[in-house]
Amino acid sequence: MSVKTDVLIVGAGPAGLASAIQLKKLGVQQVTVVDREPEPGGTPRLCHHTGFGVWDFHRLYSGPQYARRYAELARSLGVDIRTETTITGWDDENALTFTSPQGTGVLAASAILLATGVRERPRAARLIPGYRPRGVFTTGSLQRFVDEQHLPVGKRAVIVGAEGVSLSAFMTLTGAGLEVAAMLTDLPRHQMYFPYAPAKWWLMDVVHRTPIRTRVRVQRILGRKRVEGVEIRRLDDDGVEVIPCDAVVFTGDWIPENEVARKGGLEIAPGALGPRIDGQFRTSQPGVFAAGNLLRGAETAATSAMEGRFAAASINQYLQGKAWPRRRLPIQVAPPILWSLPNSISADGASGQRKHIAFRVARFINNATMQVFQGAKLLYEQRFSHLPPNETMYLSGAWLTQVDPDGPPPQIRLSG
Amino acid sequence: MQKIYDVAIIGAGAVGTAIARELSRYKLKIALVEAKSDVGMGTTKANTAIWHTGFDAKPGTLEAQLLRRSYALMESYAPEAGIPTERLGGLLVAWTEDQFQNLSNLLQRAHQNGVTDVRIISAEEVYRLEPGLNEGAWGGLFVPGESLICPFTLPIAFATQALLNGADLKLNFPVQGIQQEDGVSHVFGPGEQRVSARYLINAAGLYSDVIDHMLGHYDFTVTPRRGELIVYDKFARSLINHIILPVPTAITKGVLISPTVYGNILLGPTAEDLEDKTNTATSEAGLAMLLEKGRAILPQLMDEEVTATYAGLRAATEHKDYQIRLHGEQRYVCVGGIRSTGVSGAMGIAEYVADLLAEAGLSLAPKPEFKTIRMPNIGEATPRPYQRPDLIAQNPDYGRMVCHCEKVTMGEILDAIHSPLPARTLDGLRRRTRAMQGRCQGFNCQAHVVDILARETGQDPKFLLALDGREVQR
């Protein structure tokens, strides 16, 4: 089975569907979106709480409603959505192999957009010792248990992580009738910033009075068949405590689902772990673009959708003959900066460069000066009174035009 | 009237199931009893998944002899039964001058053990074979026969074939006591359950000493030796081409880095003597030690994601050899102290045990037909169902992906649930199909898999999720 299309999009989440819709609006004939799940929509399908759609549709939707809205819109514009279709590899540079209940085959396209999303790092990948009892979840697996399959998860839970997604886990757990014993973070403060802060205050501080334990780390899972508790270490005094619980939810700590990208030999950006892209969402491989959470871990659905639309514009230009840049420079970041986006600069003029460079840092930093160097030359400096972790910040892209395309890779670092 | 079997085998690990399979070719009534809810649940399921040649066994020992015999038997059995294997070869890397000097002793030992294709190679050749290794190798010993094997499929294959040839399997049957009278052994399980047989085999692994005590023997004590391992993501697979072995010491074969038949990389094991025969927890110190060793051998491995960690217990004893003994007057064979070579040695051990039974007077008359089996392929070396349009055309469920990380289809999951030796637990399903074993560790598919298993077997999901505190019953 072999199919040829203009644009092949891998992943029917917000980034993939928004991109497909935009491509149709731009007049692209054949847009095919494949997804390995039985239904299109991506992660919002699993988030049965409200908070979606304000940016995209100017309406407040639940995750599943939002997912359906995108899928319906795409279908109404003639996007070919193929579910239960798993990409298994690359046939050549512009063609992917797939498996579906209809068989195996090749999907060839003039341009490919990878929008395969993200997952949370599970317990094992965090190297937390102990037995392997039942009752250990990530936010994603928890939501599938509770909202998709309606399975029981336990009575008393501990949430590891205290950022936006952790609040999502909190709502799922309390909605399923569990008590949340505590929320844990190894950082000195929680990271549920705006727009999560009001919901956090109401639900956690007022209604459930759930403690947030800062500067603690889970050092062991207790229990053999079933979780019986977590053993935590206080980072400040090395004290050890046990919190009894029968469920543990590991939240955040994102890893892009980069399997298809890596199988294709696309350059991967260290830190972000997604394909390295320039300001026009172009990867290291001609004709292959990437957008959404695959690039750097989870942002809101609206952010992913917006990236999908930007990528669509870039794809459309490529389809109309815009040359693929022959050279590009990686943008490097130094700790405690975790990643930047875009993370490369193409040497085909500044037209497609972004106004801002998104980045994240690993810890709370006050009075920071971000500096951009190319070799020894300081290109740009910007002060930030406060840089919080687990929150995307934006550095001006004013310096992008000053980068010497023949020079060394520019590096973003924190001064002092 | 209680049925009296010809042979009862205690323990359905690699060794017990291999013995059941071997004996099922004869006209015998066989019972295989197992404490756990599935076969292959002890040392068999948590090890380094390597099929050893026995090149470094102590020459002249029964272990050396049976590993050698087993290797030959497995060479024909594994492909016939569809047990995933990959003959990659082992590369012992000497990191110090002392280790390098020791290679010639190991070469000599391999020759004594009849493993004659090993050779010492230069540092240059080591790096030609394995360009990703850290600097500082002095040289190596190449053992072409060392292979990967699927330790999950192996005991299921043995047991399935035994069942197909008439053996009875009794799961959830922890042995509470044994009585011998009038030439019959009565093996008591929970409640009123009893299995009686004229001949008795103890293949109880970590508990083989306990069973031996029940029969009045105190020949050895099993000390559980914990081995912790780290499984790396499939993207690490391309970092090495062979099984990277350390030069062994007196205590352990040491920490190795090996591919798996599922396309991952294993780092481990640790070796730590414990008292608790159920302590399969990983530890902070153990994992830290493995990371340190791994970094020293293959630095790039540290850049890859960890998929899983686990710990297994080997049945070590105070002896340096298998503890296999025939007690003719009791019509009892003890098959204890199989240490860390049960998967590799099982078929040789089974044949040897059959000989011992014959010596004790059991008549081994072959059945007219010994039925063969073919296991579903869960290895990467040959096409999996999702890669086979022919299978998908027959049944679209083979193209319907349930576990995305390991590419396990609905068809395979349903097959495993409805096989002759069916999966009844999540772990049983994982070992039969690889579902939930991949990089997301069930983030995507676990809930779906629970739902399928509960629906297909009529079990309450609470049982499967161990939420009701009861053991999962079959």
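Naming convention: chains lettered A, B, ... in sequence-line order (proteins, then strands); numbering from 1 in each chain.
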Taking side chain as everything from C-beta outward and backbone as N, CA, C, O, which of these in [X] sits under 4.5 Å from a heavy atom of chain B? Side chain, backbone, both or neither.
X: A/Leu151; result: side chain
X: A/Ile255; result: side chain
X: A/Leu46; result: neither
X: A/Arg36; result: both
X: A/Gln102; result: backbone

Select one option (side chain, backbone, both, neither) describing which atoms of [X] are under 4.5 Å from chain A's heavy atoms.
X: B/Ser283; value: backbone
X: B/Ala308; value: both
X: B/Lys234; value: neither
X: B/Asn279; value: both
X: B/Thr278; value: both
X: B/Ile230; value: side chain
X: B/Glu304; value: side chain
X: B/Thr280; value: both

[atom1]/[X] to [atom2]/[Y] distance, rounded to the nearest 0.5 angstrom?
X: A/Thr139; Y: B/Phe443; atom1: OG1; atom2: CZ; answer: 7.5 Å
X: A/Leu142; Y: B/Gln446; atom1: CG; atom2: CD; answer: 11.0 Å
X: A/His150; Y: B/Asp451; atom1: NE2; atom2: CG; answer: 9.5 Å
X: B/Arg388; Y: A/Thr104; atom1: CZ; atom2: OG1; answer: 11.5 Å
X: B/Gln387; Y: A/Thr99; atom1: CD; atom2: OG1; answer: 7.5 Å
X: A/Arg144; Y: B/Cys445; atom1: CZ; atom2: SG; answer: 9.0 Å

Which heavy-atom pair separates [X] from [Y] by the least distance, and what is that distance?
X: A/Pro152; Y: B/Lys462; result: CG-CG, 3.6 Å
X: A/Lys263; Y: B/Phe235; result: N-CE2, 4.1 Å
X: A/Arg226; Y: B/Leu465; result: NH1-O, 3.0 Å
X: A/Ile128; Y: B/Thr282; result: O-OG1, 4.5 Å
X: A/Ser141; Y: B/Gly442; result: CB-O, 4.0 Å
X: B/His448; Y: A/Gln149; result: CA-NE2, 3.5 Å

Contact winner vs chain A - [options], heavy-atom pairs under 4.5 Å:
options: B/Val306, B/Asp233, B/Leu291; answer: B/Val306
options: B/Tyr232, B/Tyr386, B/Tyr398; answer: B/Tyr386
options: B/His404, B/Met410, B/Glu228; answer: B/His404

Do [X] and [Y] touch side chain to side chain, with heavy atoms closer than 4.5 Å?
X: B/Leu426; Y: A/Arg134; value: yes
X: A/Arg220; Y: B/Glu284; value: no
X: A/Arg123; Y: B/Gln441; value: no

For chain B, find which of A/Gly130, A/Ser100, A/Pro270, A/Ala125 contributes the most heavy-atom pairs closer than 4.5 angstrom. A/Gly130
Given the options A/Arg224, A/Glu148, A/Gln219, which has more heavy-atom pairs under 4.5 Å with chain B than any of the others? A/Arg224
More than 12 heavy atoms of other residues, nucleotides or ligands under 6.0 Å from CZ of A/Arg156: yes or no? yes
Answer yes or no: are there more than 12 heavy-atom neighbours, outside B/Lys293 itself, under 6.0 Å from its atom NZ?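 Incorrect, the count does not exceed 12.
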Hey, is A/Arg121 close enough to B/Glu305 for a salt bridge, meaning N to O under 4.0 Å? yes
Do B/Arg400 and A/Glu84 meet the salt-bridge criterion of a basic N to acidic O distance under 4.0 Å? yes
Should A/Thr88 and B/Arg384 be marked as a side chain to side chain contact (heavy atoms under 4.5 Å, CB included) after you check the CA-CA gap, both sets of side-chain angles, and the distance that decides it? CA-CA 12 Å; A/Thr88 52; B/Arg384 308 253 322 277; over 6 Å; no
